Amino acid sequence: MTVHIEAKKGEIAKFVLMPGDPLRAEKMAKKFLKDPKLVNQVRNMFMYTGTYKGMKVTIAASGMGNASMGIYSYELFNDYEVENIIRVGTAGAYNKDFRPYSVFNTIESYGESDFAKIVTGKDDKILKSSKILFDAIEQTAKEIKMPIITGRAHASDVFYRSDDSLKLAKEKNLDVVEMETYGLFSNAIKLNKNAAALFTISDNLVTGEVTTSEERQNNFDKMFELALETALKFK
Ligand SMILES: O=P(O)(O)O[C@H]1O[C@H](CO)[C@@H](O)[C@H]1O
Ligand SMILES: O=c1cc[nH]c(=O)[nH]1
């Protein structure tokens, strides 16, 4: 039990998938895991533990933003001895060629804040995905013949921005935008754990293509399948 998670020791798997949305955590756990057990409902931040093809896996919501992800991933890594976290989120595309529902494997996360500096003591604005997890995702995608895209993700602290984010994307070579991966990668580096991030593209900021929240809710299967099949390599 921690400040924000009521699960008992042993109720959280060593391999965790983290969507932002608690309802997505619930839905995907019920869809993909055998015997999913609700192990946290503090603040409705649902976390379910079950098995996937015989492997113990937890699907745990992170909430929105680096601040929220920072709390949950820290407690999971530090207090529950979690070894691997794959964020399974949605992202907007800055790259005009990225179509909605494509699955994106993050090479690097670009953060705008002092989050990494405060957590790790090093002022790195660009943090890398853990190589072992990134490579396992790429390999798994090949094996299950799932086309995926890769690149650098912007972990924005602000959803409703008034600056020109496409200009920033050009300057910093950013392909997509989301809001949690910089916090997750900071904690993984600090605590010597593994973290990666997969996104389903929900909208394209150049072409204006959008998806509804209902459509998004129903189109995460590919990304979850990829994350879970990757997990099996760590059984
Ligand atoms: O769908 P999730 O995983 O929450 O991810 C994206 O969606 C939220 C914004 O709508 C932010 O959390 C962003 O990172
Ligand atoms: O953080 C996010 C997620 C999806 N789309 C965006 O524009 N921003």
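Computed from a predicted model, the values in this text were never measured in an experiment. Every number for a ligand or one of its atoms is a count from 1 in the order of the listing.
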So, Lys172 and Glu112, do they make that salt bridge, N to O below 4.0 Å? no
Can you confirm whether the side chains of Thr49 and Thr58 place a donor and an acceptor under 3.5 Å from each other? yes
For atom 11 (C) of ligand 1, find the nearest protein heavy atom and state the residue, atom name and distance (0.1 Å precision). Glu180 OE2, 3.5 Å
Rounded to the nearest 0.5 Å, what separation is found between the CG atom of Leu17 and the CG atom of Leu198? 8.0 Å
Run down the list Met64, Met18, Arg24 and name the one with the heavy atom closest to atom 2 (P) of ligand 1. Arg24
Taking only non-hydrogen atoms of Glu178 and a 4.0 Å limit, the atoms of ligand 2 in range are 1 (O)
Distance to 0.1 Å, residue and atom name: give those for the protein heavy atom nearest to atom 5 (O) of ligand 1. Arg87 NH2, 3.0 Å
Lys128 side chain reached by Phe185 side chain, heavy atoms, under 4.5 Å: no
Side chain to side chain contact (heavy atoms under 4.5 Å, CB included) with Phe46: of Ile59, Val39, Leu23, only one passes, and it is Leu23
Which atoms of ligand 2 have any heavy atom of Met179 under 4.0 Å away? 1 (O)
Tell me: protein heavy atom nearest atom 3 (C) of ligand 2, and distance? Val177 O, 3.7 Å
Region of Ala91 that comes within reach of ligand 2 [heavy atoms, distance under 4.0 Å]: backbone
So for ligand 1, is Gly20 a polar contact partner (N or O within less than 3.5 Å, distance only)? yes
The atoms of ligand 2 lying under 4.0 Å from a heavy atom of Phe159, numbered in the order shown, are 2 (C), 8 (N)
Within this structure, what is the CD1-OG1 distance for the pair Ile144 and Thr230, rounded to the nearest 0.5 Å? 7.0 Å
Minimum-distance protein heavy atom relative to atom 4 (C) of ligand 2: Gly92 N, 3.3 Å
Atoms of ligand 1 less than 4.0 Å from Phe159 heavy atoms? 9 (C), 10 (O)
Is Arg152 salt-bridged to Glu108, cutoff N-O under 4.0 Å? yes
With only distance considered, is Thr90 within less than 3.5 Å of ligand 2 through an N or O on each side? no
In ligand 1, which numbered atoms sit nearer than 4.0 Å to a non-hydrogen atom of Glu178? 14 (O)
Do Glu26 and Lys30 meet the salt-bridge criterion of a basic N to acidic O distance under 4.0 Å? yes
How far apart are the C-alpha atoms of Phe134 and Thr150, what are their side-chain angles, what is the distance that settles it, and do they pass the side chain to side chain contact (heavy atoms under 4.5 Å, CB included) test? CA-CA 10 Å; Phe134 178 86; Thr150 62; 4.0 Å; yes
Suppose we measure from atom 5 (N) of ligand 2 to each protein heavy atom; which comes out shortest, and what is that distance? Asp203 OD1, 3.1 Å
If you measure from atom 7 (O) of ligand 1 to every heavy atom of Thr181, Asp203, Thr90, Thr200, which option wins on shortest distance? Thr90
Under 3.5 Å between any N/O of Gly89 and any N/O of ligand 1: does that happen in this structure? no
Out of the candidates Lys235, Lys34, Glu229, only one should pair with Tyr52 under the side chain to side chain donor-acceptor pair (under 3.5 Å) rule; please name it. Glu229
